[in-house]
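All chains are named by letter (A, B, ...) in the order of the sequence lines, taking the proteins before the strands, and each is independently numbered beginning at 1. Since the structure is predicted, the reported quantities are computational estimates derived from the model, not experimental observations.
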Amino acid sequence: MNKKIIIRTLEKIALYLELQGENPFKVSAFRKAAAALEADERSLAEIDDVTKLKGIGKGTAAVITELIDTEKSTVLEELEANTPKGLVPLMKLPGLGGKKLAKLYQELGVDSAERLKEVCEAGEVQKLAGFGAKTEEKILKELGTFGTRAERLPIWQLEPAVIEIEALLQAMPEVEKASVAGSFRRVKETSKDIDFIVATTNAQAVREQLLAQLVILEVVAAGDTKVSVILDREEPISVDFRLVTADEYASALHHFTGSKDHNVRMRQLAKSMGKKISEYGVEQQDGSVVTFESEEAFFAHFNLPFIPPAVRENGSELDRLDELAQLATVQDITSDLHMHTTWSDGAHAVHEMGEALIARGYSHGVITDHSQYLKVANGLTPERLAKQRLEIDVFNAAHPQFRLYAGTEMDILPDGTLDFEDDVLKELDFVIASIHSSFTQSQDKIMARLLTAMENPYVHMIAHPTGRIVGERNGYDPDVKTLIEWAKAYGKILELNANPYRLDLATEHLVYAMELGVPIAINTDAHAIDQLRFMDLGVRYSQKAWVKKELIVNTWTTEQFEAFIRKHKDN
DNA sequence: GCCGTTTTCGGCCCGACTGTTTTCAGTCG
């Protein structure tokens, strides 16, 4: 029996109980049991007694045991038999929860979207107690777009909107502080919406400017403390703004950053100290409410170190506090090892990229334009590579406090050979190998290509090791586990590509790479100066996997980095 | 349904918003 199946079954039971209008605490007990299993890193076989997990008791354990023994759950089967299947998707309709759906089913026989539409149009719904004309109208409107809108959007679609809104808020004189919150701040790969916390003494002015300046498809709510809109973009994006005072800001930011599970743990901790956390502050035993200058001060109030948003997930971060100091922050970054210039498909010249790296406070960086095979990207021949090296030398002569290295992002060709001969590679400071073609080859062929790069003594790093696009394509489907083991065996760096489009290695792979002690490089793969900003995102993504600073190559000093690339050459 | 160094019963994180009401339930995050 697969642990994931058990987790899904418990969640399904919770959903069905909800649809029957069951006690919400009973419903959440099943969800908690599922979450407890998920948060435990052990496999099913390694857990001897599930009831020892907090949140799993007699009832949920019985479901789990039955699943292991018989591969089915009579509890779920009974629930499924008593609930029409068509009700389940309706839970996703905004405004409808278990209670209302249960009533619609019992009173009007609603068991599908079609039937729901019928009874709304017939005016039956507004006659029910607790329902009214507005509810009926809203359901009809939501049914109109039901299933057509993407439920979650990938981070790369949201990131440009976040950057724009941040700039908009910063330009408003009434805004004292503002920050994105929610799952975007926690660097989730996809989010349902974007949340912003705004500190202001003039909520009305901020609300009016937001409604006037954003390109809005629909205003969902516009109250004194909350403005909720859907942006009119290629893919519509929901954005919530919480308008608070400067005093409340830190507490609100923490609250709306979540995750829900993190907040539950924090509130439990507060309660055990006789305090009460709300989004406005922390109520003390004597009833007074303490507010905070910053999230750091908020955590300090509970004798906790600052917990980065990226790790605030299932609550277990509160059990790993001693590991927090080892995580990298963007201040630890000394370099970016993967970027393009006008020599191939980049937008800026070598010296412009170099100066941008200096402006970011880095001590070194590598220019890695595409290689000759990638003609669409104007890939470099060995002759052009040699010329580019001269330009890099000129830059270095003019900037003695900084070191720009000459590198390449070399294609691993479809036939499994490399795009440059060894005598070209050995002249370069840093060699990246990556796949940009024939993604549909069999896994064996892909792995054979990657092995060629691994075995080459001049290759330092494999870039974007899976070729995935977040939320869209899975890439060229390598056996990543084996790839990580090869990196260990051959002493290569694997890349966490910080472009929100890619973000590979994904979290689970980073965890395994760290177990084996494989060095990771967080690189922006920038094709323009502006994209160097992705470093922050990449570093925070690495925190999600609890990657230790010492394994991140671009926290190393120039001397450490040079020692690494030299060792490679000498071998 | 789960849990307990104040509890084996009575809580379970907490508050805003909306729409339904005339003091509150349901939904959402």
Whole angstroms only, please: what is the [atom1]-[atom2] distance between [X] and [N]?
{"X": "A:Asp240", "N": "B:dC17", "atom1": "CG", "atom2": "P", "answer": "11 Å"}
{"X": "A:Phe25", "N": "B:dG11", "atom1": "CZ", "atom2": "P", "answer": "10 Å"}
{"X": "A:Lys141", "N": "B:dT18", "atom1": "NZ", "atom2": "C1'", "answer": "13 Å"}
{"X": "A:Leu96", "N": "B:dC28", "atom1": "CG", "atom2": "C1'", "answer": "13 Å"}
{"X": "A:Lys52", "N": "B:dC2", "atom1": "NZ", "atom2": "P", "answer": "17 Å"}
{"X": "A:Lys188", "N": "B:dG29", "atom1": "NZ", "atom2": "P", "answer": "15 Å"}
{"X": "A:Ile13", "N": "B:dC2", "atom1": "CD1", "atom2": "C1'", "answer": "15 Å"}
{"X": "A:Arg267", "N": "B:dG15", "atom1": "CZ", "atom2": "P", "answer": "7 Å"}

Listed nucleotide nearest any side-chain atom of [X], set [options]:
{"X": "A:Lys226", "options": "B:dT20, B:dC17, B:dG26", "value": "B:dC17"}
{"X": "A:Thr135", "options": "B:dC17, B:dT20, B:dC13", "value": "B:dT20"}
{"X": "A:Thr225", "options": "B:dG19, B:dA16, B:dC14", "value": "B:dA16"}
{"X": "A:Lys134", "options": "B:dT18, B:dT27, B:dG19", "value": "B:dG19"}
{"X": "A:Val264", "options": "B:dA16, B:dC13, B:dC2", "value": "B:dC13"}
{"X": "A:Lys54", "options": "B:dT27, B:dA16, B:dC3", "value": "B:dC3"}
{"X": "A:Ser278", "options": "B:dG15, B:dG29, B:dC2", "value": "B:dG15"}
{"X": "A:Thr60", "options": "B:dT27, B:dG1, B:dT18", "value": "B:dG1"}
{"X": "A:Ala221", "options": "B:dC17, B:dC13, B:dG1", "value": "B:dC17"}
{"X": "A:Lys100", "options": "B:dC2, B:dC13, B:dG26", "value": "B:dG26"}

Mind checking [X] for me? I need base, sugar-phosphate or nothing, with any heavy atom below 4.0 Å counting as a touch.
{"X": "A:Leu243", "answer": "nothing"}
{"X": "A:Ala133", "answer": "sugar-phosphate"}
{"X": "A:Leu128", "answer": "nothing"}
{"X": "A:Pro94", "answer": "sugar-phosphate"}
{"X": "A:Leu17", "answer": "nothing"}
{"X": "A:Gly182", "answer": "nothing"}

Is the shortest side-chain N/O distance from [X] to OP1 or OP2 of [N] below 4.0 Å?
{"X": "A:Lys58", "N": "B:dG1", "result": "no"}
{"X": "A:Ser28", "N": "B:dC12", "result": "no"}
{"X": "A:Tyr280", "N": "B:dA16", "result": "yes"}
{"X": "A:Lys32", "N": "B:dC12", "result": "no"}
{"X": "A:Ser228", "N": "B:dC17", "result": "no"}

For [N] and [M], measure between their [atom1] atoms and round to the nearest Å.
{"N": "B:dA16", "M": "B:dG11", "atom1": "C1'", "value": "23 Å"}
{"N": "B:dG1", "M": "B:dT5", "atom1": "P", "value": "23 Å"}
{"N": "B:dC14", "M": "B:dT20", "atom1": "C1'", "value": "22 Å"}
{"N": "B:dT8", "M": "B:dC3", "atom1": "C1'", "value": "9 Å"}
{"N": "B:dC2", "M": "B:dT7", "atom1": "P", "value": "22 Å"}
{"N": "B:dC13", "M": "B:dC17", "atom1": "P", "value": "22 Å"}
{"N": "B:dT21", "M": "B:dT27", "atom1": "P", "value": "15 Å"}

Flag this pair as yes if the NZ/CZ of A:Lys103 is under 6.0 angstrom from the six-membered ring centre of A:Phe131 and inside a 45 degree cone about the axis; otherwise no. no

Think A:Arg312 forms a cation-pi with A:Phe256, using NZ or CZ under 6.0 Å from the six-ring centre and within 45 degrees of its axis? no

Whether A:Glu107 and A:Lys127 form a salt bridge (side-chain N of Lys/Arg under 4.0 Å from carboxylate O of Asp/Glu) is what I want to check. no

In plain terms, say whether A:Glu118 and A:Arg115 are close enough for a salt bridge, that is, a side-chain N and a carboxylate O under 4.0 Å apart. yes

Flag the pair A:Tyr280 / A:His255 as yes when their ring centroid distance falls below 6.0 Å, and as no otherwise. no

Check against ring-ring contact (aromatic ring centres under 6.0 Å, His included), A:Phe299 and A:His254: CA-CA 9 Å; A:Phe299 283 115; A:His254 175 262; 5.3 Å; yes

Working note: A:Ser316 + A:Asn314, criterion side-chain hydrogen bond (donor to acceptor under 3.5 Å, both in side chains); need CA distance, chi angles, decisive distance, verdict. CA-CA 6 Å; A:Ser316 66; A:Asn314 58 22; 2.6 Å; yes

Need the pair for B:dG29. Rule: Watson-Crick or G-U wobble, both distances under 3.5 Å, any strand; none if unpaired. B:dC14

What's the base orientation of B:dT6: syn (chi within 90° of 0) or anti? anti

Which residue, A:Asp195 or A:Gly130, contacts DNA chain B at a nucleotide closer to its 5' end, judged by nearest heavy atom? A:Gly130

How do A:Phe256 and A:Glu279 order along DNA chain B: which one's closest nucleotide is nearer the 5' end? A:Glu279

What one should report as the nearest heavy-atom pair of A:Asp193 and A:Asp195 is OD1-OD2, 3.6 Å

